[in-house]
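Below, chains carry the letters A, B, ... as their sequence lines are ordered, and counting in each starts from 1.
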Number of protein chains: 2
Amino acid sequence: MKEKRAKKTQARSQETRETIYEAALVLFQKKGFEDATMREIAASAGVALGSAYYYFRTKEEVVLEFYKRTLEKDDQIKAYFKEETGLKERITYVIRLRIKQFAPFKKFLWVLAKNAVVPGSPLSPFSEESAEIRDKAIAIFEEAVADCKPAPAQLAKELPFLLWLYQLGILLFWVLDQGKTMRKTDILLNTTSEMIVWLVKSSGLPIFGGISKRISTLIQELRD
Amino acid sequence: MKEKRAKKTQARSQETRETIYEAALVLFQKKGFEDATMREIAASAGVALGSAYYYFRTKEEVVLEFYKRTLEKDDQIKAYFKEETGLKERITYVIRLRIKQFAPFKKFLWVLAKNAVVPGSPLSPFSEESAEIRDKAIAIFEEAVADCKPAPAQLAKELPFLLWLYQLGILLFWVLDQGKTMRKTDILLNTTSEMIVWLVKSSGLPIFGGISKRISTLIQELRD
DNA sequence: GTCTATAACCGGATAGAC
DNA sequence: GTCTATCCGGTTATAGAC
């Protein structure tokens, strides 16, 4: 009996949270992150300011929630990997899909980028708190690398992490690029992804000397 | 007569600005950027809050001022380039010197990094407003590349810009690395600088196909 | 113990008098 | 160019409702 009530309450609570979240997203899109105030968001969601802060510890946390939810939409990716084994195709597919998913919300995504760069921020992609999100994101690239063509001669172990970093970089570039089309991002993605694949393919060749060994040692040392 | 008075006034004004700047730096070091308030800074400088804002449009602008001034200290660099022509040595010298100069103020340097990532921020290293600082910083690498060993087979034109980006990256890593020693940054700098030099040296070889051509086209397209 | 609402705090930034 | 007074919005404290 008690439990049932608790559940109902939980469900209503969840709805309230959702309402606030959606009101926030609408306002962020309409006015940008800074010009949308928490007071407006709360009012637009029909709750008091204090309630908004009950569900989201900070204004920025709403943006993180958005990021998390978007990353969870990965069904298409898994399906695509079944059809396509080319490494370049897989990498560019994932990144292009993310950009497509984020595009309507581009205006306020720099908030996340900003936090990536503030030491100790819980919203940083490198933080303890976002370990779960990060691991899931890296896992996508683990799948992308599995049984792909060309098979990575070396570096197979570090490649998913490196590709995740690469993805962050491309997304950052896209977010910062104010242009209306994503022409520049497209050029960057195309060129660099080809280089990566070429590097992965050639990494075993003698000319490269111990370069892939050195990279893998480097990554291991830096990742703690 | 009038001019003399104006000059005197200007000089006094410059002193006030300096006093505020120094008070701010002391407080930023002692308490960090966020915990040092503009009210404290103004009080510590012996001026009113409004006066502090007369000289610095925002709290963050004080940090930019610090960055600008530090970059201007480049005598040692020019002297070093006269003695040493090795590209790796030159690059690592410049970056290590910057880190040494910034080290006492490491605690609040992320403020600059943050702005690099906010579109339209005048404090961003990519902004119109900081073009002058940026050009000076790139010019250092133009000198580093001039008559260096090995001579860049290709890419000579884009290399200074690329090295400036590289420097930003290493500095960012260092700022974000919370460790007390700069061991990780050292490893990263050593390994990657060697790779860069190796790449620069080999970029003309046939195995690389048109890769340096592609990189240079890419940079040109992306730099507007 | 879960949730909502009101009032207050704090600090960056601005307006405008002198 | 300097000051005081004020605004504004993120955040917090807290009282109480369910």
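The side-chain tip of A:Lys59 points at the ring of A:Phe33 from less than 6.0 angstrom away and within 45° of straight on. For B:Arg17 and B:Tyr54, the positive end is not near the middle of the six-membered ring at less than 6.0 Å and at most 45° from its axis.
One interatomic measurement links the two molecules: CD of B:Glu40 to C1' of C:dA13, which rounds to 17 Å at whole-angstrom precision. For the pair A:Gln14 CD and C:dT2 P, the computed distance is 14 Å after rounding to whole Å. Counting to the nearest Å, the C1' atom of C:dT14 and the CE atom of B:Met38 are 12 Å from each other. Put simply, CD1 on A:Ile41 is 18 Å from P on D:dC8, counting in whole angstrom units. Put simply, CZ on B:Phe56 is 13 Å from P on C:dA13, counting in whole angstrom units.
Within the nucleic acid shown, B:Ala36 comes within 4.0 Å of sugar-phosphate atoms alone, with no base atom in reach, counting heavy atoms only. Contact annotation for A:Tyr55: backbone-only contact, meaning every heavy-atom pair under 4.0 Å involves sugar-phosphate atoms and none involves a base.
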Pairs under 3.5 Å (N/O, protein and nucleotides 16-18 of chain C):
none

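For residues 117-128 of chain A, no pair satisfies salt bridge (Lys or Arg N to Asp or Glu O under 4.0 Å), with sequence neighbours left out. Residue pairs meeting the side chain to side chain donor-acceptor pair (under 3.5 Å) criterion with at least one member in residues 99-122 of chain B, sequence neighbours excluded, are B:Glu60-B:Lys114, B:Glu60-B:Asn115, B:Arg98-B:Gln101, B:Asn115-B:Ser121.
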Protein-to-nucleotide contact annotation, 5' to 3' order, nucleotides 5-10 of chain C [B base; S sugar-phosphate only; - none; under 4.0 Å, heavy atom]: BB-B--
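Heavy-atom nearest nucleotides on DNA chain C were determined for B:Tyr53 and for A:Thr16, and the one closer to the 5' end corresponds to A:Thr16.
Listed nucleotides: C:dG12, D:dT2, D:dT11. Nearest to the side chain of B:Lys59: C:dG12.
Using a cut-off of 4.0 Å between Lys/Arg side-chain N and Asp/Glu carboxylate O, A:Lys68 and A:Glu132 are scored as not salt-bridged. Residues B:Lys136 and B:Glu72 are paired through a salt bridge, judged by an N-O separation under 4.0 Å between the basic side chain and the carboxylate.
Atom CG in A:Asp135 sits 12.0 Å away from atom CD1 in A:Ile140 (nearest 0.5 Å).
The rotation axes computed at either terminus of the helix from C:dG1-D:dC18 to C:dC18-D:dG1 lie 10° apart, taking five pairs at each end and rounding to 10 degrees.
An OP1 or OP2 oxygen of D:dG1 is reached within less than 4.0 angstrom by a side-chain nitrogen or oxygen of B:Tyr54.
Contacts of A:Glu22 classified as salt bridge (charged side-chain N to carboxylate O under 4.0 Å, His left out), with partners at least two apart in sequence or in another chain: none.
In summary, the aromatic rings of A:Phe66 and A:Phe108 are positioned with their centroids under 6.0 Å apart. The distance between the ring centers of B:Tyr67 and B:Phe102 falls below 6.0 angstrom.
Not one N or O on the side chain of A:Arg134 forms a donor-acceptor pair closer than 3.5 Å with the backbone of A:Trp164.
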